[in-house]
Number of protein chains: 2
Amino acid sequence: MTASTQQTHPNNQDQLLTPGEVATLFRVDPKTVTRWATAGRIGSIRTPGGHRRFRETEVRALLAELTNDVGSL
Amino acid sequence: MTASTQQTHPNNQDQLLTPGEVATLFRVDPKTVTRWATAGRIGSIRTPGGHRRFRETEVRALLAELTNDVGSL
DNA sequence: GTAAAGTAGGGTAATTCGGGCG
DNA sequence: TTTGTCCGAATTACCCTACTTT
């Protein structure tokens, strides 16, 4: 971690995605993405209205982590 | 030290943000930010012309408060 | 003073929320 | 246990025109 800057949450340099966007990436229902957020499997940012936004970097990382490529030439 | 400094120079940390700026941070429409101000969910400063400005510190605090990071690891 | 961009305000469609059911 | 769907309610997005800011 950076010992010179007090950055509690690196939370404003990533593109945010809507539940529908994330749902499209995972080929699931937006409701499912909501459940993942509720279950703590993925970080989420709530708008003052209660809607959720997700970090694109985190979503991509999760997507890549769950991706199983054979890597054959 | 009393906080009675009038901003004569760009030396203040309470930088004012436009609705568009706040909208970008939350990944919402600028109109939505306006509704938040109207609903009293976020503090706003009105220009003599009626346009709204938002304090960056308040917006960042609200964003951090509504952020739910997954405690992985 | 003019021009371009952003914002305000109103109205309507789409999305999301939350709980519950299969 | 996880996911998809139905419901009602709330929030948000996009349409327009007029005014403000730069």
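In what follows, every chain begins at residue 1, and chains take the letters A, B, ... in the order their sequences are listed.
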Task: Distance test, side-chain N/O of A:Thr47 to OP1/OP2 of D:dT12, below 4.0 Å - done: yes
Open item on the list: Judged by each residue's nearest nucleotide on DNA chain D, which is more toward the 5′ side, B:Gly49 or A:Trp36?
Closed with: A:Trp36
Task: Nearest-Å distance for atom pair NZ/C1', residues A:Lys31 and D:dT5 - done: 10 Å
Task: B:Leu63 CG to A:Leu16 CG distance, which is reported to the nearest 0.5 Å - done: 7.5 Å
Open item on the list: The side chain of B:Asp29 is closest to which nucleotide in this list: C:dT16, D:dG4, D:dA13?
Closed with: D:dA13
- [ ] Give the nucleotide from the list D:dT5, C:dA8, C:dG18 with an atom nearest to the side chain of B:Arg52.
- [x] C:dA8
Open item on the list: Rounded to whole Å, please give me the gap between NE2 in B:His51 and C1' in D:dA18.
Closed with: 10 Å
Task: Inter-residue atom distance A:Thr57.OG1 - A:Leu62.CG, 0.5 Å rounding - done: 11.0 Å
Open item on the list: Using whole Å, what does the distance between atom P of nucleotide C:dA8 and atom CD1 of B:Ile45 come to?
Closed with: 13 Å
TODO: Taking only the side-chain nitrogens and oxygens of A:Thr34, find out if one of them lies under 4.0 Å from OP1 or OP2 of C:dG18.
DONE: no
TODO: Write down the distance between CZ (B:Arg27) and P (D:dT12), rounded to a whole number of angstrom.
DONE: 14 Å
TODO: Could you tell me the separation between the CG atom of B:Leu66 and the P atom of D:dT11, rounded to a whole number of Å?
DONE: 14 Å
TODO: To the nearest Å, give me how far apart CD (B:Glu21) and P (C:dG6) are.
DONE: 10 Å
Open item on the list: Does the structure show a Watson-Crick or G-U wobble partner for C:dT2, both distances under 3.5 Å? Name it, or say none.
Closed with: none
TODO: Please answer whether the main-chain N or O of A:Pro48 pairs with a side-chain N or O of B:Arg41 as donor and acceptor at a distance below 3.5 Å.
DONE: yes
Task: Watson-Crick or G-U wobble mate for D:dT1, both contacts under 3.5 Å - done: none
- [ ] Using Watson-Crick or G-U wobble geometry with both distances below 3.5 Å, tell me the partner of C:dT16, or none.
- [x] D:dA9
TODO: Establish whether the base of C:dG18 is bridged to the side chain of A:Arg35 by a donor-acceptor pair shorter than 3.5 Å.
DONE: no
Open item on the list: Counting only side-chain nitrogens and oxygens, does B:Thr18 get under 4.0 Å of the OP1 or OP2 atom of C:dT7?
Closed with: yes
TODO: Would you confirm whether B:Arg27, through its side chain, and A:Arg53, through its main-chain N or O, come within 3.5 Å as a donor-acceptor pair?
DONE: no
Task: Whole angstrom value for the distance that separates C1' of D:dT12 from CG of A:Leu17 - done: 16 Å
Task: Distance in angstrom units between B:Arg41 CZ and D:dA10 P, rounded - done: 11 Å
Open item on the list: Let me confirm one number: the CD1-OG1 distance from A:Ile45 to B:Thr67, rounded to the nearest 0.5 Å.
Closed with: 4.0 Å
